[in-house]
Amino acid sequence: MQKILTLMLTSVIVSLDSFVAGFSISLNKRQNAVLPATVALVTFVMCVITTFVGYALQGILNDYVNVFSAVILVLLAVTNLLKQEDTAVNMQQLTLYECVTMGIAVGLDASVANLSLAVDGYGIVAPVVFAVTHYFTVLLGQKLAGKIAMQHTNVLSAVVLFVLAVTKFI
């Protein structure tokens, strides 16, 4: 049960920037059906790569899995705290290149978190969960643009990542 909860919470946390990206882009009424799918695909590919890297490191880091996972989560939390929030994206027409670039930008957190989970033995399920979560958070961000104002999601993300890191030590 703890593994499922960790996977779901991590997935939601690392998807917050996807929500903000979809929300920000759509503030200019530039909703694009390709964006959520592209972000999900790029996130999935990046996470699959880190899954293989995690499996390769699993034997090396076997005795230190929880510490390694916690360190990655803490670094991710610190990065989120220091990240500048971009709430004023101004694009006329969103191209596939911009969708892929956005996918890399928001999928990077997921792939780093996935590395931590892969070392802990989560397997291919984590990349699928991360991709699906990113798809729906971008889509939700697009749908809610103009209806609610989100601020300081990087701080919320960092706090939850710190909590997840602490649970690795317990």
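Under the 3.5 Å distance criterion, the side-chain polar atoms of Thr10 are left unmatched by any main-chain donor or acceptor of Leu7. A side-chain donor-acceptor contact under 3.5 Å links Tyr122 to the backbone of Lys3.
Not counting sequence neighbours, the partners of Leu140 by the side-chain contact (heavy atoms from CB on, under 4.5 Å) test are Phe19, Leu144. Val53 pairs by the side-chain contact (heavy atoms from CB on, under 4.5 Å) definition with Leu57, Leu115, not counting sequence neighbours. Under the side-chain contact (heavy atoms from CB on, under 4.5 Å) criterion, Tyr55 pairs with Thr51, Gln58, sequence neighbours left out. Residues forming a side chain to side chain donor-acceptor pair (under 3.5 Å) with Thr50 (at least two apart in sequence, or on another chain): Asn114.
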Only pairs under 3.5 Å count here: list side-chain donor-acceptor contacts from residues 124-134, not counting sequence neighbours, and write none if there are none.
{"from": "Thr133", "atom 1": "OG1", "to": "Ser11", "atom 2": "OG", "distance (Å)": "2.5"}
{"from": "Thr133", "atom 1": "OG1", "to": "Val129", "atom 2": "O", "distance (Å)": "2.7"}
{"from": "His134", "atom 1": "ND1", "to": "Ser15", "atom 2": "OG", "distance (Å)": "3.4"}
{"from": "His134", "atom 1": "ND1", "to": "Phe130", "atom 2": "O", "distance (Å)": "2.9"}
{"from": "His134", "atom 1": "NE2", "to": "Val14", "atom 2": "O", "distance (Å)": "3.4"}
{"from": "His134", "atom 1": "NE2", "to": "Ser18", "atom 2": "OG", "distance (Å)": "3.3"}
{"from": "His134", "atom 1": "NE2", "to": "Val106", "atom 2": "O", "distance (Å)": "3.2"}

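To the nearest 0.5 Å, atom CG of residue Leu96 and atom OG1 of residue Thr101 are 9.0 Å apart. Put simply, OG1 on Thr6 and CG on Leu117 are 7.5 Å apart, with the number rounded to the nearest 0.5 Å. The line from CE of Met46 to CD1 of Ile104 is 6.5 Å long, rounded to the nearest 0.5 Å.
Counting heavy atoms from C-beta on, the side chains of Thr43 and Tyr135 never come closer than 4.5 Å.
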